[in-house]
Amino acid sequence: MKYSPQQLNEVLLAATPDQLAELRAISEVFDISMDEVCTEVLKLINAKFPTPSFLFSNS
């Protein structure tokens with residue numbers, strides 16, 4: 001799934017200072033961008049808390 005820049009930025013805005021430090025450390029250790037780190041965070045969130053799909057009846 002492709003996430004928008006706004007969605008990726010929301011991960012950073014919601015993170016505490018300690019969490020931001022951990023995300024930066026992950027980025028540096030694994031030599032990946034912060035966008036990639038945030039994408040993985042969003043994947044984990046979506047796996048744990050999937051967005052429900054609602055079915056609407058025609059009746």
Side-chain angles (χ1 to χ4, degrees):
M1 179 173 193
K2 182 94 169 145
Y3 295 100
S4 72
Q6 180 182 350
Q7 289 171 308
L8 298 175
N9 193 41
E10 286 174 6
V11 172
L12 298 176
L13 292 173
T16 66
D18 287 343
Q19 291 168 331
L20 280 175
E22 289 181 29
L23 294 174
R24 284 190 194 103
I26 291 168
S27 173
E28 291 173 10
V29 168
F30 292 100
D31 193 29
I32 59 176
S33 71
M34 285 299 285
D35 280 356
E36 290 173 295
V37 173
C38 293
T39 296
E40 293 304 315
V41 168
L42 287 171
K43 284 181 188 177
L44 290 169
I45 291 169
N46 286 331
K48 182 73 174 171
F49 305 102
T51 305
S53 56
F54 296 98
L55 298 176
F56 295 97
S57 171
N58 288 336
S59 56

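The basis for the numbers below is simple: all heavy atoms, side chains too, and nothing from hydrogens, waters or symmetry mates.
- Applying the side-chain hydrogen bond (donor to acceptor under 3.5 Å, both in side chains) test to residues at least two apart or on different chains, the pairs with a partner in residues 22-33 are Ser33-Glu36.
- Judged by distance alone, with hydrogens and angles left aside, the side-chain atoms of Asn9 form no donor-acceptor pair with the main-chain N or O of Pro5 at under 3.5 Å.
- The same ILVMFWY cluster, assembled from side-chain heavy atoms under 4.5 Å apart, contains both Phe30 and Leu20.
- Separation of atoms OH (Tyr3) and OG1 (Thr39) is listed at 7.5 Å; rounding is to 0.5 Å.
- The hydrophobic clustering, which links ILVMFWY residues whose side-chain heavy atoms are closer than 4.5 Å, places Val29 and Met34 together.
- Taking every heavy atom of both residues into account, Leu42 and Gln7 meet most closely at CD1-O, 3.8 Å.
- Minimum heavy-atom separation, Ile32 to Ile26: CG1-O, 4.4 Å.
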side-chain contact (heavy atoms from CB on, under 4.5 Å), that's the test. Do Leu23 and Leu12 meet it? Break it down for me. CA-CA 9 Å; Leu23 294 174; Leu12 298 176; 4.3 Å; yes

